[in-house]
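Okay, structure first, notes after.
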Amino acid sequence: MSRAENRYDPEAEARAQRAALLADAVAGLTAERKTLPCKWLYDAEGARLFEEIIRLPEYYPTRTETAILRGCASEAAALAGPGAAVVEFGSGSAEKVGLLLDAMDRPAAYVPVDIAPEWLEEGAARVAAAHPGLTVLPVVADFTRPFPLPRLPRGTPLLGFFPGSTIGNFTPEAARDFLRMAGRILGPGSRLLIGADRVKDQAVLEAAYDDAAGVTAAFNMNLLARLNRELGAEFDLKAFRHEARWNAEKERIEMHLVSLRPQLVRMAGRRLRFAAGETIHTENSHKYRPERFTALCAEAGWSAERHWGDADGLFSVWLLKQGG
Ligand code: AVJ
């Protein structure tokens with residue numbers, strides 16, 4: 001694995017991350033409606049809690065998508081054709097791509113793209129070990145912004161991979177922008193295999209994001225603990241609670257941290273004022289009806305070539321094709 005174009009300095013990276021966290025926290029927590037970007041949920045502790053979430057009985061998306069991928073991998077691989085390269089957006093620990101690579105005919109390369117160098121490294125190493133002879137070309141990049149692909153043999157068919165319903169974290173507008181950008185990066189004739197969670201019974205959705213064991217609550221509350229750890233903020237974790245709300249109009253689950261009483265919280269030389277019941281909105285997880293998802297894709301220049309789901313209609317995996 002060569003990374004000549006992607007050198008990074010871990011200490012400079014850590015300083016830049018802290019500065020970015022501070023800027024986002026100040027902007028988000030002094031706004032009229034308090035928010036924090038969901039990407040900050042995933043520090044080491046957040047990543048550990050997320051690994052617990054995906055095994056919870058209430059959290060259906062991961063196991064449902066994995067089962068769908070198991071069933072559709074060979075068909076998707078056949079449509080992508082022999083000698084295709086897989087580009088995974090936000091690869092993280094790259095748990096699912098093996099199902100796809102195993103089904104492909106002589107894949108040319110695996111290109112995991114992630115902003116977190118440690119995860120990228122770990123995922124790339126795992127895939128390389130499981131697929132001897134496969135060229136693995138990791139790219140450290142924020143996959144929500146344009147980035148250059150590593151050099152590949154001319155004419156290599158490209159297959160993007162974006163599982164996990166991560167697309168749901170974007171607003172529909174941002175999702176469309178992402179899909180358009182992914183299309184530009186992958187180029188004409190490319191395909192994108194993407195997972196999207198579906199609209200379903202409100203109680204099922206709310207339980208998936210507010211489990212009985214309190215793991216998702218801990219995951220959300222960790223954001224405040226992180227502000228305390230990394231920015232020296234003084235959030236009293238007992239003065240907030242986790243809430244998962246279904247927003248029926250926007251067809252999304254929202255995670256909030258609710259202030260249990262009026263309070264002032266010190267953070268980076270500021271005092272943040274909270275009213276009782278006021279919330280910090282920490283995550284959106286949009287759910288897509290199939291017809292709404294295909295319309296969004298069409299606006300971004302992709303057509304749905306194939307759609308796979310589970311028997312209960314919980315989750316969708318789409319194979320998109322550029323243009324069409
Ligand atoms: C990783 C964005 C797919 O929205 O379901 C899980 C994150 N948040 N439980 C999701 C999450 C709370 C998850 N994604």
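All values derive from a computational prediction rather than experimental measurement. All values below come from the heavy atoms of this structure, side chains included, with hydrogens, waters and symmetry mates left out. Start at 1 and go down the list; that is how both ligands and their atoms are numbered.
The shortest distance between side-chain heavy atoms of Leu158 and Leu149 falls below 4.5 Å. You'll find the side chain of Asp43 reaches within 4.5 Å of the side chain of Arg229, heavy atoms only. Counting heavy atoms from C-beta on, the side chains of Leu227 and Leu21 come closer than 4.5 Å. Side chains of His307 and Phe293 form no contact here, defined as non-hydrogen atoms less than 4.5 Å apart.
With ligand atoms numbered from 1 in the order given, ligand 1 contributes 4 (O), 5 (O), 10 (C) to contacts under 4.0 Å with heavy atoms of Ser285. Each of the atoms 8 (N), 12 (C) of ligand 1 lies under 4.0 Å from some heavy atom of Phe219. Listed by atom number, the atoms of ligand 1 under 4.0 Å from Asn169 heavy atoms are 2 (C), 4 (O).
For Lys96 and Phe161, the positive end is not near the middle of the six-membered ring at less than 6.0 Å and at most 45° from its axis.
Proximity of Tyr60 to ligand 1, defined as any heavy-atom pair under 4.0 Å, is not found for any part of the residue.
Polar contact with ligand 1: present for Tyr59 (N/O pair, distance under 3.5 Å). Taking distance alone, with nitrogen or oxygen atoms compared against 3.5 Å, Glu283 approaches ligand 1 more closely than that limit. Ligand 1 has no N or O atom lying under 3.5 Å from any N or O atom of Thr166, backbone or side chain. Looking at ligand 1, you won't find any N or O of Tyr42 less than 3.5 Å from one of its N or O atoms.
When the side-chain contact (heavy atoms from CB on, under 4.5 Å) test is applied to Ala175, the partners found at least two apart in sequence or on another chain are Ile167, Phe170, Tyr288, Leu296.
Using a non-hydrogen distance threshold of 4.0 Å, Gly168 does not register as a contact of ligand 1.
For atom 3 (C) of ligand 1, the nearest protein heavy atom (residue, atom name, distance) is Gly164 O, 2.8 Å.
Of all heavy-atom pairs spanning Leu152 and Ala109, the tightest one is CD2-CB, 3.8 Å.
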